[in-house]
Amino acid sequence: MTVVHVREGRTRDDEVRGANEVRGVSGSTRLEAKRQRRREGRDSGRRRPPIVTEAEFLARREAVERRMIVRNAGDRTQIAVLEDGVLVEHFVTRASSWSYAGNVYLGRVQNVLASMEAAFVDIGKGRNAVLYAGEVNYDASGLDGRPRKIEQVLKSGQSIVVQVSKDPIGHKGARLTSQVSLPGRYLVYVPDGQNAGISRKLPDTERARLKAILKKITPENGGVIVRTAAEGASEQELARDVARLSAQWEDICRKATKATAPALLYGEPDLVIRVIRDIFNEDFAELVVQGAGEATMIEDYVDMVAPDLRDRVRRQAGPVDVFDEYRVDEQLAKALERKVWLPSGGSLVIDRTEAMTVIDVNTGKFTGKGGNLEETVTKNNLEAAEEIVRQLRLRDIGGIIVIDFIDMVLESNRELVLRRLTECLGRDRTRHQVAEVTSLGLVQMTRKRVGQGLLEAYSEPCTHCGGRGVILHLDGASAPARSVPADPPVPAPPSTGSTTSDAVAAGAATGTAAADPVVADPVAADAVATAGAASGAATPDAQAPGAAPADAPADAVPAAPDTAAPGGAAPGTRAARGRAARDRAVRDDAVRDDAVRDDAARDDAVRDTAGHDGVANGSGPSSNGSRSSGARAGRRRASRAVAPPQESTSGDLETVGGAARES
């Protein structure tokens, strides 16, 4: 009997609820991310770098003169790689700081974080190293059909053989991998590996020869990857390298069974030996060494692994510093700066952040020679592409890198710049990948980060700002004082000879003196009596105390002694002057209200008088009109006279209704 299970369909509510919920992936997220990157690469048409031909390989070698320089100064050893006299790579090591990238340890698992798909392992360096799920060797774990999850393989307290793939950087611990690989002179031995690979930097004819040799010497329980240095190596040399690395791995396995975690099972040789093993080959014209101890060690190593290159090793004789002779220190100082000048006058600005490194391309002083803007910008970008690759190698910049080239209009020019960048990156031995250009015209790329960069090797964070570049002042008192520009002086309104009398006329119209002695004027009654006439205001017989004559300049006002301001403020301060001005404004408002009421009463009296005269003389409308116009003119002058005071900040003067006086 066949049983059919019918699954209930999803409703609209279930779909909406699923869209708003956080979902997870089946299996390991880090392994799924690896698979997605591979699929995206295939979908976008990205292919592996093409295999160079014999002619192209020889042209690359003969086009550039390479030289390696080693200098030992006290506890510090520096290695510089020059191409046509230009510094392109730099390595430095100190006796006090030792890199342990490539070392193999027997570590102890401290804890496993399933939600982060990572495990923290103690390798005896004080700070735990991290092992991600994507770096676990699941093939040697014996899962027996269980899902590939890190919590299925590792448990707290378990011992595991790991290799350091990246030195600790900043607050991040060392990166580990359980897929151990042992580098040799000509190839890399991968225990428990099943494949054999050959460097794609070798020409096609050499790759065919090496592939035939690998079929004979590759062990059954391991894989090998042939390096670029294997060009021209004989079958005996390659077989000897495989045998030596296989014996080395067997020795590591024996130590792992007897040692107690954490313990060092295999240590990488000195930095000088590693650099010569990985870089020094037939492409270099010579290897210059300064320092008796370093020279002896290098000569012995070259005699053992590459006797055909022994004649290219040269000791520096004489008291002349080898770095000064080849201007290495000068180029190092420029490489530590934020701004890099291009030969034509353009510039690069390199900024490093926690997440990525950003490089901005500028034309600077480069204005081009003829042509148009598109040609000028493209030439500057081509020159910048070559310099950017040199700076990446020299500063050993890793992680995410975003390059902001100057915008180009033609698609062919954009492809030309991107192709030049890719060609120059072919000289970089560090693993890298150039992604697509974003919609904003930014070039994205990644570069593997192994150890500390040039800036970290020659600097330390600022103790005051913590490397941020600014010092914060949360309290304004400790911040440096900033000069505040003085307020521009408020110009006083233009005054005439009758302004003073008009200003004080309203206050005395009712026969009541104002509270402010400056406003009170004994001739106010005369001014109000003549306000209705078409003629001008009356000339005052007396001036207010402290007031300047009408025809006197503003700076001729006599000074008055400061008095204590209300509220206990110091005399002469801005706060005291402000409170005094507000008090006077209140008093002036009261005076203005009284003047308005008096104007209304006066208008009524004028209309009554005009009507009586018009009836008696027979000219009411014309007489009333002239008197009303005169009354309106008087009211306008009275209104201007009691306007609110204006404060002038240029001196301790105030302008009240056109009269300047001291506060």
Side-chain angles (χ1 to χ4, degrees), residues 37 40-53 55-57 59-60 62-64 83-84 86 88 200-201 334-335 337-353 355-395 397-447:
R37 285 194 294 268
E40 290 174 359
R42 289 192 297 267
D43 295 341
S44 62
R46 188 174 64 239
R47 295 293 182 266
R48 306 175 73 179
I51 301 173
V52 297
T53 62
E56 292 175 343
F57 181 79
R60 286 184 182 180
E62 297 173 357
V64 181
E83 292 182 355
D84 291 334
V86 179
V88 295
R200 302 182 69 87
K201 295 182 179 181
K334 292 181 179 180
E337 296 179 357
R338 176 173 175 260
K339 192 171 188 178
V340 180
W341 289 100
L342 301 177
S344 64
S347 64
L348 305 176
V349 179
I350 303 175
D351 289 319
R352 302 187 64 175
T353 65
M356 66 185 69
T357 301
V358 182
I359 303 177
D360 184 33
V361 181
N362 302 309
T363 53
K365 303 176 183 178
F366 179 59
T367 57
K369 297 179 181 179
N372 53 20
L373 178 61
E374 180 73 7
E375 295 180 10
T376 302
V377 168
T378 305
K379 292 178 181 178
N380 189 86
N381 286 341
L382 290 173
E383 190 177 37
E386 298 178 1
E387 183 63 25
I388 285 172
V389 175
R390 188 179 81 89
Q391 293 296 327
L392 294 181
R393 298 172 60 191
L394 177 56
R395 304 185 184 214
I397 298 176
I400 301 174
I401 302 167
V402 177
I403 307 172
D404 183 14
F405 286 105
I406 305 175
D407 294 337
M408 294 166 286
V409 177
L410 300 179
E411 181 67 24
S412 59
N413 290 337
R414 290 194 289 266
E415 294 177 356
L416 178 63
V417 172
L418 193 61
R419 187 164 60 249
R420 178 69 60 86
L421 178 68
T422 306
E423 290 175 357
C424 294
L425 284 171
R427 303 177 184 174
D428 188 11
R429 64 187 185 89
T430 303
R431 190 173 63 189
H432 58 271
Q433 180 179 347
V434 179
E436 71 281 353
V437 181
T438 66
S439 59
L440 298 179
L442 305 177
V443 177
Q444 300 177 132
M445 64 170 295
T446 59
R447 189 173 185 268

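No hydrogens, no waters, no symmetry mates; every other heavy atom, side chains included, goes into these values. Positions are given from 1 along the sequence.
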Colleague: side-chain contact (heavy atoms from CB on, under 4.5 Å), that's the test. Do Leu392 and Ile359 meet it? Break it down for me.
Modeller: CA-CA 10 Å; Leu392 294 181; Ile359 303 177; 4.2 Å; yes

Colleague: Would one find more than 12 heavy atoms of other residues, nucleotides or ligands at under 6.0 Å from atom CG of Leu416?
Modeller: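 Yes, the 6.0 Å shell around CG holds more than 12 heavy atoms from other groups.
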
Colleague: Just do the side-chain contact (heavy atoms from CB on, under 4.5 Å) check on Val437 and Leu442 with the steps written out, would you?
Modeller: CA-CA 6 Å; Val437 181; Leu442 305 177; 6.0 Å; no

Colleague: Atom CG of Leu394 and atom NZ of Lys334: how far apart are they, to the nearest 0.5 Å?
Modeller: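 Rounded to the nearest 0.5 Å, the CG-NZ separation comes out at 12.5 Å.
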
Colleague: So, using side-chain contact (heavy atoms from CB on, under 4.5 Å) as the criterion, who are the partners of Val358 when residues are at least two apart?
Modeller: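 For Val358, the residues satisfying side-chain contact (heavy atoms from CB on, under 4.5 Å) (neighbours in sequence not counted) are Met356.
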
Colleague: Roughly how far, to the nearest 0.5 Å, is CG of Leu421 from CD of Glu386?
Modeller: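 That separation rounds to 10.0 Å.
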
Colleague: Could you walk me through whether Arg414 and Glu411 pass the salt bridge (Lys or Arg N to Asp or Glu O under 4.0 Å) test, one step at a time?
Modeller: CA-CA 5 Å; Arg414 290 194 289 266; Glu411 181 67 24; 2.5 Å; yes

Colleague: Look up atom CD1 in Ile406 and atom CG in Asn362, then write down how far apart they are to the nearest 0.5 Å.
Modeller: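 Rounded to the nearest 0.5 Å, the CD1-CG separation comes out at 6.5 Å.
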
Colleague: Under the side-chain contact (heavy atoms from CB on, under 4.5 Å) test, which residues partner Asn413, sequence neighbours left out?
Modeller: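 Partners of Asn413 by the side-chain contact (heavy atoms from CB on, under 4.5 Å) criterion, ordered by chain and then number, come out as Glu374, Thr378, Met408, Leu410.
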
Colleague: Quick one: OG1 on Thr422 to NE2 on His432, what's the gap to the nearest 0.5 Å?
Modeller: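 Atom-to-atom, Thr422:OG1 and His432:NE2 are 7.5 Å apart.
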
Colleague: Taking all atoms of both residues into account, what is the closest heavy-atom pair of Val417 and Asn381, and its distance?
Modeller: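 The answer is CG2-CB, 3.8 Å.
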
Colleague: With rounding to the nearest 0.5 Å, note down the distance linking CG in Leu440 to CG in Asp404.
Modeller: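 So the CG of Leu440 and the CG of Asp404 are separated by 9.0 Å.
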
Colleague: Looking only at heavy atoms, what is the nearest atom pair of Ala384 and Leu348, with distance?
Modeller: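 Shortest heavy-atom contact: CB-CD2, 3.8 Å.
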
Colleague: Pair Thr438, Gln444 - check side-chain contact (heavy atoms from CB on, under 4.5 Å), show working.
Modeller: CA-CA 8 Å; Thr438 66; Gln444 300 177 132; 3.4 Å; yes

Colleague: Whether the side chain of Arg447 engages the backbone of Ile397 through a donor-acceptor N/O pair (distance < 3.5 Å, no angle test) should be reported.
Modeller: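 It does hold such a pair.
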
Colleague: Without swapping roles, check the side chain of Glu383 against the backbone of Leu342 for a donor-acceptor pair under 3.5 Å.
Modeller: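 Side chain of Glu383 to backbone of Leu342, a donor-acceptor pair under 3.5 Å: no, none is there.
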
Colleague: Let me confirm one number: the CD1-CG distance from Ile403 to Asp360, rounded to the nearest 0.5 Å.
Modeller: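 Taking CD1 in Ile403 and CG in Asp360, the distance rounds to 11.0 Å.
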
Colleague: Do side-chain atoms of Thr376 reach the backbone of Asn372 as a donor and acceptor pair under 3.5 angstrom?
Modeller: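 At least one qualifying donor-acceptor pair exists.
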
Colleague: Keeping Asp428 on the side-chain end and Thr430 on the backbone end, is there a donor-acceptor pair under 3.5 Å?
Modeller: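 Yes; at least one donor-acceptor contact below 3.5 Å.
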
Colleague: Which heavy atom in Asn380 sits nearest to a heavy atom in Ser344, and how many Å separate them?
Modeller: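 In this case the closest contact between Asn380 and Ser344 is OD1-OG, 4.4 Å.
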
Colleague: For the residue pair Leu425 and Val434, what are the closest heavy atoms and their distance?
Modeller: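 Taking every non-hydrogen atom into account, CD1-CG2, 3.5 Å.
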
Colleague: Using the side-chain contact (heavy atoms from CB on, under 4.5 Å) rule, take Arg427 and Arg393 through it: C-alpha gap first, then chi angles, then the decisive distance, then the call.
Modeller: CA-CA 9 Å; Arg427 303 177 184 174; Arg393 298 172 60 191; 3.6 Å; yes

Colleague: Residues in side-chain contact (heavy atoms from CB on, under 4.5 Å) with Arg431, at least two apart?
Modeller: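 If we apply the side-chain contact (heavy atoms from CB on, under 4.5 Å) test to Arg431, skipping adjacent residues, the hits are Lys448.
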
Colleague: Would you call Glu387 and Arg390 a salt bridge, taking side-chain N to carboxylate O under 4.0 Å as the test?
Modeller: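 Judged by the 4.0 Å cut-off on N to carboxylate O distance, Glu387 and Arg390 do form a salt bridge.
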
Colleague: When you measure from the side chain of Arg395 to the backbone of Ala335, do you find a donor-acceptor pair of N or O atoms at a distance under 3.5 Å?
Modeller: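 Answer holds: yes.
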
